[in-house]
Number of protein chains: 2
Amino acid sequence: MKAYLLQTLKEIALLGGIKNKVELSSHELGKQLNTSQQTASRYLLELDKKKLISREHGIKKQLILITKEGKNLLQSEYTDFQRIFDLSDKIFFKGKVTSGLGEGRYYTEQKGYTKQFQEKLGFKPYPGTLNAEIEYVEKNKLRLLNDHRAIVIDGFKTKNRSFGNVRCFKAEINKKKGAIVLPMRSHYSHILEFIAPIYLRGKLNLKDGDNVNIIINFKE
Amino acid sequence: MKAYLLQTLKEIALLGGIKNKVELSSHELGKQLNTSQQTASRYLLELDKKKLISREHGIKKQLILITKEGKNLLQSEYTDFQRIFDLSDKIFFKGKVTSGLGEGRYYTEQKGYTKQFQEKLGFKPYPGTLNAEIEYVEKNKLRLLNDHRAIVIDGFKTKNRSFGNVRCFKAEINKKKGAIVLPMRSHYSHILEFIAPIYLRGKLNLKDGDNVNIIINFKE
DNA sequence: ATTACTAGTAAGCGAGTAT
DNA sequence: TATACTCGCTTACTAGTAA
């Protein structure tokens, strides 16, 4: 969507164009947008063509109403701003299911971990992790995790080797509850490891390459 | 503000750029915005020049942080969307103080009205109305009043003449509480009449032509 | 890898104006 | 009064490429 069309649509919405027909000449709209009558007229034509507004031409001016699609577009823009300012107790990721090295299973079956998962997260993880590769740019969002208190799973030692501390954040993957697991000290990876009480690949019918939505939730 | 710069700024904010430095190449940004690396680079230059972001150039990529001004810009955009969707129990107007015909005083001193103002609005209006001329386009917002229940002041008759019903909405003018008064059946005018328990022109130091902010509040 | 310059092309703009 | 077309001008875009 062209940025200036969105801006125009927002301006109409501010005048009440979602609920009511707005009486607005192209000249007036131009004034609101700091542009000319001709440009405003063109914007209206474009919005109309894209079915984001509907118009009735009165004798003078025109009656403009924002369509369902137009409203949806504004709503999704609004959601973006909510994510920026209000929903900072949540972080959203898009990812693609990927197969790890199969190590997840080994770790999640260690009693030293599972006991703590049960205590601190409230569920016994299904063996193995579901790995999701997030887009490279979205790695930036991981830095936001530093502002929030993680659920810390303590490391432990067995006869053979030692296991390090692990940080968890409660999260959802395609609406199914679970948690993100991150090694304690290490740089952020572009692979997120997800644990859950259920077999996610089965329940969500996922295979490698499928898109998933992950929401990390700090409030719960 | 150019619409595409705002869009770019929002994208950076979604990656956490308000709180953290975001590691973002112009190529990646271009991908996010569905445009080329060159255009994204230019956007970043423009945002930098306008001091909406600050940048550090690493060896690769760059670290981008949204400045205070950048955040303010996004915040005011967010406010617009809140007004569209969430604060639909409020309507905002900009207006200019104007002198009416002096009739306001005559009406507000009628006992048939004042008694009801006291009962239904909770205050005895200072004699006279403060009139504000709203911009022509903002008249559209008045149509939103139809969706809300007005406080109705009943008309009455005296020996000499009869007075019609009046609709009121609780409102604020430059943060001072009062109410907007509208004749019951008539087309919307571009003049809003405001009553309050205090002498507004005095208390707010207003004279003709001064800008005022009026907020009609349906919830209170 | 990057960023960002140059230059040629495409899109956007608004004065003038027809309707 | 309106809307919206044409057309010359400006801004914005991206391929190529230097650093």
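Computed from heavy atoms alone, side chains included, the values below leave out hydrogens, waters and symmetry copies. So that the names make sense, note that chain A is the first sequence line, chain B the second, and so on, each numbered from 1.
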> For DNA chain C, what dot-bracket results from Watson-Crick or G-U pairs at under 3.5 Å, with [ ] for crossers and | for inter-strand partners?
Replying inline: .||||||||||||||||||
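The side chain of K61(B) sits closest to dT2(C) out of dT2(C), dC13(C), dA4(C). In the set dT3(D), dT14(D), dA4(C), dT14(D) carries the atom at the smallest distance from any side-chain atom of T39(B). For H57(B), counting side-chain heavy atoms from C-beta on, the closest listed nucleotide (dT3(D), dC13(D), dT3(C)) is dT3(C). For Q62(B), the listed nucleotide lying nearest its side chain is dT3(C); candidates were dT3(D), dT3(C), dA4(C).
Judged by closest nucleotide on DNA chain C, S41(B) is the one of N34(A) and S41(B) placed further toward the 5' end.
In this structure, I64(A) atom CD1 and dA4(D) atom C1' are separated by 14 Å, rounded to whole Å. Taking atom OH of Y136(A) as the reference point, atom P of dT2(C) lies 9 Å away to the nearest angstrom. Between the OH atom of Y43(A) and the C1' atom of dA4(D) there is a distance of 15 Å, rounded to whole Å. Computed from coordinates, the L44(A) CG to dT3(D) P distance equals 8 Å when rounded to whole Å.
Between the side chain of N217(B) and the main chain of K219(B), a donor-acceptor pair closer than 3.5 Å is present.
We find that E77(B) and K10(B) are not joined by a salt bridge, their nearest charged nitrogen and carboxylate oxygen being 4.0 Å or further apart.
Using a 4.0 Å cut-off on heavy atoms, none of the residues of residues 21-30 of chain B approach DNA chain D.
Between the CG atom of N72(B) and the OG1 atom of T79(B) there is a distance of 10.0 Å, given to the nearest 0.5 Å. In this structure, CG in L44(B) is found 7.0 Å from CG in L24(B), a value given to the nearest 0.5 Å.
Listed pair K2(B) / dT11(D) fails the phosphate criterion, with no side-chain N or O lying under 4.0 Å from OP1 or OP2. Between S36(A) and dC13(C) there is no side-chain N or O to OP1 or OP2 distance below 4.0 Å.
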Detail all sub-3.5 Å separations between protein N/O atoms and N/O atoms belonging to nucleotides 17-19 of chain D.
none

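Between Y136(A) and K61(B) the shortest heavy-atom distance is CE2-NZ, 2.5 Å.
Atom NZ of K176(A) has 12 or fewer heavy atoms from other residues, nucleotides or ligands within 6.0 Å.
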